[in-house]
Asks: 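Input: one structure, supplied below.
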There are 2 protein chains.
Amino acid sequence: MKNKQKQVQLRDVQDVLDIIGGRWRGAILASLCDKAKRFNELKRDLGSITPRTLTKELKYLEMNKLVSREVEASGAVSVIYSLTKHGRSLEPLIGQIVAWGQKHRKIVLS
Amino acid sequence: MKNKQKQVQLRDVQDVLDIIGGRWRGAILASLCDKAKRFNELKRDLGSITPRTLTKELKYLEMNKLVSREVEASGAVSVIYSLTKHGRSLEPLIGQIVAWGQKHRKIVLS
DNA sequence: AATACCGGTATCTTTCAGGATACCGCAAAA
DNA sequence: TTTTGCGGTATCCTGAAAGATACCGGTATT
């Protein structure tokens, strides 16, 4: 493989980890892989995230076309967050991350 | 799947992204997937990283048993960094990251 | 003898993700 | 009519990541 191409690959890795990295983004995406969720549902599932951070991260993921936000206009306020088609294309990647994480945890514990 | 298990998965995602995330760690690992490298070789390949940061990240990866550091005691100072067996187990994951990154870049550009 | 490369270390500084805490309007339930 | 839940926003603050810059002792090169 050419050197140029390797450089591009490194940038791809950096870009992707910039998108799904950080304390929360990967977890949010993984949580939405399971099913579409409402704001507070997501918040509860993630455990210790603050609403401020959740709002910010969701907006970021929305901007990057990975998550979509829909307001159900049925009386009370209700907002549903779900993965877009592009977001769902991350599922196998997230699956591998989980798998490696399990393996890694076992190794570290031994 | 049970709720407990989902929570564990979220933690796995967070843990893994903590290890390979950040501006440089993923790129360092990807670069070492290619071949073992010396300090300044790695530095050049990564482009804009400072020696301070490279040192720090390499130590972190060493601590996590993903990278090994070997000093070649042949006259001049020569240090080789390479992936450990455990580090090489990340290769498929990194491959998927690159693949998704390429796809994502195309989508964003269109 | 001077210069350049190797593998870093030492300081200083900026940036920013993310926590803590309080609050908001609205609607439904009690 | 008070309380509870929803979906957030507003401020303030800290710690860690990482850039900028300078420097180090060694060796090899010229």
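In this text, all values refer to a predicted model and were calculated from it rather than measured experimentally. Throughout, protein chains are lettered first and strands after them, A, B, ... in sequence-line order, and every chain is numbered starting at 1.
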Asks: Go through the structure and list residues passing side chain to side chain contact (heavy atoms under 4.5 Å, CB included) with A/R23, not counting sequence neighbours.
Replies: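 Once residues adjacent in sequence are excluded, the partners of A/R23 under the side chain to side chain contact (heavy atoms under 4.5 Å, CB included) criterion are A/S48, B/Q14.
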Asks: Test: ring pair (Phe, Tyr, Trp, His ring centres under 6.0 Å). Region: residues 67-99 of chain A. Which pairs qualify, not counting sequence neighbours?
Replies: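 Checked against ring pair (Phe, Tyr, Trp, His ring centres under 6.0 Å) - neighbours excluded - the pairs reaching residues 67-99 of chain A are A/H86-B/W100, A/H86-B/H104.
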Asks: Please work out which residues in residues 38-61 of chain B have a non-hydrogen atom less than 4.0 Å from an atom of DNA chain C and list them by number.
Replies: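 Those residues whose heavy atoms fall under 4.0 Å from DNA chain C, taken from residues 38-61 of chain B in numerical order, are B/R38, B/F39, B/N40, B/R44, B/P51, B/R52, B/T55, B/K59.
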Asks: Check the interface with nucleotides 23-30 of chain C: list each N/O to N/O pair with the protein under 3.5 Å, or write none.
Replies:
none

Asks: Got a sec, which residues hit side chain to side chain contact (heavy atoms under 4.5 Å, CB included) with A/Q7, two or more places apart in sequence or on another chain?
Replies: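 Expected list: none.
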Asks: Does any residue of residues 17-25 of chain A have a heavy atom under 4.0 Å from DNA chain C, and if so, which ones, in number order?
Replies: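 By residue number: A/G22, A/R23, A/W24.
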Asks: For side-chain contact (heavy atoms from CB on, under 4.5 Å), just list the numbers for B/T53 and B/T50, CA-CA rounded to whole Å, side-chain angles, deciding distance to a tenth of an Å, and then say yes or no.
Replies: CA-CA 5 Å; B/T53 301; B/T50 61; 3.0 Å; yes
Asks: Pairs of donor and acceptor atoms involving the side chains of residues 28-41 of chain A, under 3.5 Å and at least two apart or interchain, shall be tabulated with distances.
Replies:
unit_1	atom_1	unit_2	atom_2	d
A/S31	OG	A/K37	NZ	2.7
A/D34	OD2	B/K6	NZ	3.1
A/K35	NZ	A/E41	OE2	2.6
A/K37	NZ	A/S31	O	3.2
A/K37	NZ	A/D45	OD2	2.9
A/E41	OE1	A/R38	N	3.0

Asks: Give me each pair satisfying ring pair (Phe, Tyr, Trp, His ring centres under 6.0 Å) with a member in residues 2-32 of chain A, each pair once, sequence neighbours excluded.
Replies: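 Every pair satisfying ring pair (Phe, Tyr, Trp, His ring centres under 6.0 Å) with a residue in residues 2-32 of chain A: there are none.
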Asks: Does a side-chain N-to-carboxylate-O contact under 4.0 Å join A/R69 and A/E62?
Replies: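 Salt bridge absent between A/R69 and A/E62.
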Asks: Checking B/Q96 now: which residues fulfil side chain to side chain donor-acceptor pair (under 3.5 Å) with it, not counting sequence neighbours?
Replies: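 Per chain and number, B/Q96 pairs via side chain to side chain donor-acceptor pair (under 3.5 Å) with no residue.
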Asks: Would you call A/D12-B/R105 a salt bridge at under 4.0 Å N-O?
Replies: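 Looking at B/R105 together with A/D12, the answer is yes, because their closest N to O distance falls below 4.0 Å.
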Asks: Checking B/S78 now: which residues fulfil side chain to side chain donor-acceptor pair (under 3.5 Å) with it, not counting sequence neighbours?
Replies: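 In terms of side chain to side chain donor-acceptor pair (under 3.5 Å), with neighbours along the sequence ignored, B/S78 is linked to no residue.
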Asks: Hey, where on DNA chain D does chain B first and last touch, going 5' to 3'? Cut-off is any atom under 4.0 Å from a heavy atom.
Replies: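 Endpoints of the contacted stretch of DNA chain D: D/dA18 to D/dA28.
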Asks: Can you list every pair that meets ring pair (Phe, Tyr, Trp, His ring centres under 6.0 Å) and has a residue in residues 40-80 of chain B, with sequence neighbours left out?
Replies: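 Residue pairs with at least one partner in residues 40-80 of chain B: there are none.
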Asks: Kindly indicate, with the supporting measurements, whether the criterion side chain to side chain donor-acceptor pair (under 3.5 Å) is fulfilled by A/S68 and A/T84.
Replies: CA-CA 6 Å; A/S68 81; A/T84 62; over 6 Å; no
